[in-house]
Amino acid sequence: MVYCQPNDNIRPIIYFRIMSFISYIQLSAIKSLSQLYGQAFSENDFQLNETKPEFEGDYTIVLFVLVKALKKSPEVLGKELGEQILKDHPDFFSGYNVIKGFLNLTIDDQQLTSLLEENYTDENFGKKEPNHQKVMVEYSSPNTNKPLHLGHLRNNFLGWSVAEILKANGNEVIKTSIVNDRGIHICKSMIAWEMFAHGETPDLTNEKGDHFVGDYYVKFNDEYKKEVEELISEGKTKEVAEKEAPVMKKTQQMLLDWEQAKPEVRELWKLMNGWVYKGFDETYKRIGSDFDKTFYESNTYLLGKDFVKEGLEKNILFKKEDGSVWIDLSDKNLDEKLVLRSDGTSVYITQDIGLAQQKFEEYHLDKSIYVIGDEQLHHMKVLKEIIRKLGMPFADKIFHLSYGMVELTTGKMKSREGTVVDADDLIDEMVATAEKHTEELGKVNDFSKEELEELYEILGLGAMKFYLLRVDPKKRMIFNPEESIDFHGFTGPFVQYTYARIQSILRKIGSDEPVLNIDGIPAGKLLPLERQLIIMLEKYGNIILDAGEEMNPSIIANYVFNLAKLYNSFYAEHSVANAESSEKKKLRIAISVMTSGVIKSGLQLLGIKVPERM
RNA sequence: GGCCCCGUAGCUCAGUGGAUAGAGCAACAGCCUUCUAAGCUGUGGGUCGAACGUUCGAGUCGUUCCGGGGUCACCA
């Protein structure tokens, strides 16, 4: 985004607050081109890239397109433009070189140290001013008949992180969840509990409520399978057996009773959902998921019926002979879609229409984001289309942030086959791994028990969140237990380690020098790694922008990893505390402070905390 | 079958139409008397699924094909 024209009367340092290097260079090039060749240019007339490490320079203008337009050889054009840019912005650039069709520009060291000095203690570096946009992010949205599993974790981490990234881009964000607290699946657990529990409760068995209820869901399926097999052995067909199994009939009756608000059914329902919520809350608290507003399907499942009536009157919807109501989407390459059953009850999509409407009315949203798996791409497309056809104004403000399934190395997760990775178990395992590694290394033996436990949580969850967020959400991912448990390389703990390492340096230096108030970082020749770090730090603002536009936390994860990697190379090469001169020491302290700040900030956008020591 | 997504190193993944396609893991070889070795440095490993096409230039864009997945319920 371009905010203003570069002007030689304004010192470049001013731009640091309002404009990224890359924007500044782009405008500089446009201006110098116009001056040179007497015609107007735009950012589409050339390409601006980061210079590849094997060449000298920081940013590169690709000249080929210009070569064509201006009918000059790349060498001549590059030289003329390089000279002109340097002449126009002598403070900002210190040199250029032309190789083939590439004009490589080098930023002046003084600009880099100025940028560092301006920003190195700024906790909000890279984040944007409020843009007065209201965005709702719906995520998590669990069923209350079984505990959360690995797939839910990807959803939760993704939703939470995207919400944070959107906040960092200046949006006002409302996090919500729609709890799927009613329906046949809940009744299954309820029936099984009535049949087999003999009054047991999570308190009596000392079990987490969601797991407790989930166990009865499994028991239901076992019983159901048994009954179906019995009926088949009595000579019934599979279809008939599945319909007539007594336990299934009971469950369907219970659903009807629930809908008629039969008190004893509602009471049991409330009781068992209460157990589940208690279990969920524990998990949510542990993984850091939170919601500004929770919708319950039991409150929203009747919504949307008004629109059916209205749609019928406007002839947008039509009724079939059996009384069911449909919408024809064949003009959008979609089929006819049922919106009301023949018995007059609503289907999933009917409530979705109603809830969407409620969200926009209640919160005056500019955008509504749904974090839902990609198996519902079709459903969300249909929903959007129906809303558009019904003439609701917010159809284009609905965005489905779809993400791929998490699969295991052994294949897909299936709850009925017991091949799910339970969320709580996985977290425990990751935290235990963190404990194991930490004990082996023995660096924090002086920590109290409480401090150690906190550290294990930070590291275990950091590893897990990073593992699930480092891949493009759109792609389905394979969960490899051995790899996920690795704390080396492209992992959360690696990045956390870099942070802790910097804190260690600063603690040691801080005792005799003020670390956070360096007056005047001296100019001077920067070493390659010093330059690279400052240039990389400067990019953070654009990274936040990209991640926001794409709604993709993996952009942050990749950036923060590369930053940590670069710092570690720097660390191995140059000493901060024992720098060659006091000027270099000041500079490197500032680089270290800013690096740790950006790491902390970036990880925070992923929902990952940083330890001061590890 | 229609529509949608994916195919890059042994594995997991990066890669705004631009220079010799990059990381991590795994393998191998080095580096702890100096700021945390959960680290650093190096080596090996690729017909970017295939073929055409567009372009000065294609892993990236288009078409076709091959392979994998999803989806097309009076389920949620």
Side-chain angles (χ1 to χ4, degrees), chain A residues 47-52 54-55 60 62-65 67-68 74 99-102 104 143 180 182-185 297 301 320 322-326 333-335 337-349 351-352 373-379 381-382 402 404-405 407 409 412 434 437-438 440-441 443-444 459 463 467 470-472 474-480 482-484 486-498 500-509 546 554-555 557-558 561-562 564-565 567-579 588 592 613-614:
Chain A
Q47 246 180 73
L48 184 57
N49 297 340
E50 290 156 28
T51 304
K52 297 230 161 194
E54 57 266 38
F55 300 98
T60 297
V62 184
L63 300 165
F64 293 108
V65 183
V67 164
K68 224 175 179 180
I99 300 168
K100 292 200 269 178
F102 303 94
N104 301 319
N143 290 351
N180 195 345
R182 63 162 282 281
I184 194 85
H185 49 291
E297 205 191 289
Y301 83 108
K320 289 198 175 173
D322 62 1
S324 57
V325 181
W326 298 71
N333 231 350
L334 300 162
D335 288 335
K337 173 79 191 172
L338 176 99
V339 293
L340 208 63
R341 293 192 189 99
S342 51
D343 63 5
T345 57
S346 54
V347 288
Y348 193 50
I349 205 150
Q351 334 169 13
D352 273 352
D374 61 7
E375 77 275 14
Q376 295 204 34
L377 273 162
H378 181 258
H379 174 85
K381 202 169 152 193
V382 169
S402 76
M405 295 285 98
E407 287 176 26
T409 42
K412 289 184 68 175
H437 282 296
T438 306
E440 276 168 10
L441 291 166
K443 291 180 186 176
V444 288
L459 294 177
Y467 183 81
R470 68 184 198 182
V471 239
D472 187 334
K474 285 191 287 292
K475 295 193 176 176
R476 67 200 170 87
M477 65 179 294
I478 293 170
F479 180 83
N480 182 335
E482 286 144 43
E483 191 185 293
S484 71
D486 200 349
F487 282 23
H488 303 271
F490 189 20
T491 67
F494 170 89
V495 183
Q496 290 171 320
Y497 171 74
T498 309
R501 201 179 210 190
I502 294 173
Q503 297 319 303
S504 170
I505 299 172
L506 298 178
R507 268 193 307 272
K508 291 203 169 148
I509 294 172
D546 284 355
S554 78
I555 293 173
N558 276 282
F561 167 68
N562 286 319
K565 213 168 122 58
Y567 185 87
N568 281 324
S569 298
F570 162 81
Y571 176 93
E573 200 74 29
H574 308 295
S575 177
V576 178
N578 302 310
R588 289 181 190 162
S592 301
R613 287 176 58 194
M614 66 185 273

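Naming convention: chains lettered A, B, ... in sequence-line order (proteins, then strands); numbering from 1 in each chain. In what follows, every heavy atom counts, from backbone to side chain, and hydrogens, waters and symmetry copies are set aside.
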Subject >> Within the 6.0 Å centroid threshold, strictly below: F487(A) and F494(A) >> reply: no

**OP:** Would you check if the distance from the ring center of Y567(A) to the ring center of F570(A) is below 6.0 Å?
**Re:** yes

Original post:
Under 30°, 30 to 60°, or over 60°: which ring-plane class applies to Y467(A) and F479(A), parallel, tilted or perpendicular?
Top reply: perpendicular

**OP:** Using only side-chain N and O atoms of K475(A), determine if any of them is under 4.0 Å from OP1 or OP2 of rG7(B).
**Re:** yes

Subject >> R182(A) vs rC75(B): side-chain N/O to OP1/OP2 distance below 4.0 Å >> reply: no

Have a look at [X] and say if it touches a base, only the backbone sugar-phosphate, or nothing, with a 4.0 Å heavy-atom cut-off.
{"X": "F55(A)", "value": "base"}
{"X": "N180(A)", "value": "sugar-phosphate"}
{"X": "N104(A)", "value": "base"}
{"X": "D486(A)", "value": "sugar-phosphate"}
{"X": "T345(A)", "value": "nothing"}
{"X": "E440(A)", "value": "nothing"}
{"X": "I478(A)", "value": "sugar-phosphate"}
{"X": "D472(A)", "value": "sugar-phosphate"}
{"X": "A577(A)", "value": "base"}
{"X": "I184(A)", "value": "nothing"}
{"X": "T498(A)", "value": "nothing"}
{"X": "L48(A)", "value": "base"}
{"X": "V576(A)", "value": "base"}
{"X": "Y348(A)", "value": "base"}

Original post:
Is any side-chain N or O of T60(A) under 3.5 Å from a base N or O of rA19(B), one able to act as donor and the other as acceptor?
Top reply: yes

Measure [atom1]/[X] against [atom2]/[N] and give the value in whole Å, please.
{"X": "I502(A)", "N": "rU36(B)", "atom1": "CD1", "atom2": "P", "result": "12 Å"}
{"X": "I509(A)", "N": "rC35(B)", "atom1": "CD1", "atom2": "P", "result": "12 Å"}
{"X": "Q503(A)", "N": "rC35(B)", "atom1": "CD", "atom2": "C1'", "result": "13 Å"}
{"X": "H488(A)", "N": "rC25(B)", "atom1": "NE2", "atom2": "C1'", "result": "11 Å"}
{"X": "E483(A)", "N": "rA26(B)", "atom1": "CD", "atom2": "P", "result": "10 Å"}
{"X": "R501(A)", "N": "rA37(B)", "atom1": "CZ", "atom2": "C1'", "result": "7 Å"}

Find the distance between [atom1] ([X]) and [atom2] ([Y]) and round it off to the nearest 0.5 Å.
{"X": "I478(A)", "Y": "S484(A)", "atom1": "CD1", "atom2": "OG", "value": "13.0 Å"}
{"X": "S402(A)", "Y": "K381(A)", "atom1": "OG", "atom2": "NZ", "value": "12.0 Å"}
{"X": "T491(A)", "Y": "L459(A)", "atom1": "OG1", "atom2": "CG", "value": "10.0 Å"}

Subject >> Closest-nucleotide 5' rank along RNA chain B - winner of S324(A) and R470(A) >> reply: R470(A)

Would you please determine if the base of [N] is stacked by [X], with stacking meaning a centroid separation under 5.5 angstrom and planes under 30 degrees?
{"X": "F64(A)", "N": "rG18(B)", "value": "yes"}
{"X": "F490(A)", "N": "rA23(B)", "value": "no"}
{"X": "F102(A)", "N": "rA19(B)", "value": "yes"}

**OP:** At under 4.0 Å between heavy atoms, which parts of nucleotides 66-72 of chain B does protein reach? Answer with one letter per nucleotide, 5' to 3': B base, S sugar-phosphate only, - none.
**Re:** --SSSSS

Original post:
Does the salt bridge (Lys or Arg N to Asp or Glu O under 4.0 Å) test come out yes or no for K475(A) and E407(A), once each step is laid out?
Top reply: CA-CA 11 Å; K475(A) 295 193 176 176; E407(A) 287 176 26; over 6 Å; no

**OP:** Specify the closest pair of heavy atoms between S592(A) and V576(A), including all atoms of both residues, with the distance to one decimal.
**Re:** OG-CG2, 3.8 Å

Name the closest nucleotide to the [X] side chain, picking from [options].
{"X": "F494(A)", "options": "rU12(B), rA19(B), rC40(B)", "answer": "rC40(B)"}
{"X": "R507(A)", "options": "rU12(B), rA19(B), rU36(B)", "answer": "rU36(B)"}
{"X": "S575(A)", "options": "rC13(B), rC35(B), rA37(B)", "answer": "rC35(B)"}
{"X": "M477(A)", "options": "rG17(B), rA19(B), rC13(B)", "answer": "rC13(B)"}
{"X": "K52(A)", "options": "rG39(B), rA19(B), rU12(B)", "answer": "rA19(B)"}
{"X": "F561(A)", "options": "rA76(B), rA14(B), rG24(B)", "answer": "rG24(B)"}

Original post:
Just wondering, more than 12 heavy atoms not from E482(A) lying within 6.0 Å of its CD?
Top reply: no

**OP:** Could you give the distance separating rA14(B) and rU8(B) at their C1' atoms, to the nearest angstrom?
**Re:** 10 Å

For [N], which nucleotide in any strand shown is its Watson-Crick or wobble partner with both distances under 3.5 Å?
{"N": "rU20(B)", "result": "none"}
{"N": "rG46(B)", "result": "none"}
{"N": "rC31(B)", "result": "rG39(B)"}

Original post:
Judged by modelled atom types alone, do T60(A) and N104(A) share a side-chain donor-acceptor pair under 3.5 Å?
Top reply: yes

Atom pairs, N/O to N/O, protein against nucleotides 41-44 of chain B, distance under 3.5 Å?
residue, atom, partner, partner atom, Å
rU41(B), OP1, S569(A), OG, 2.9

Original post:
Under a 4.0 Å N-O cut-off, is there an ion pair linking E483(A) with R470(A)?
Top reply: yes

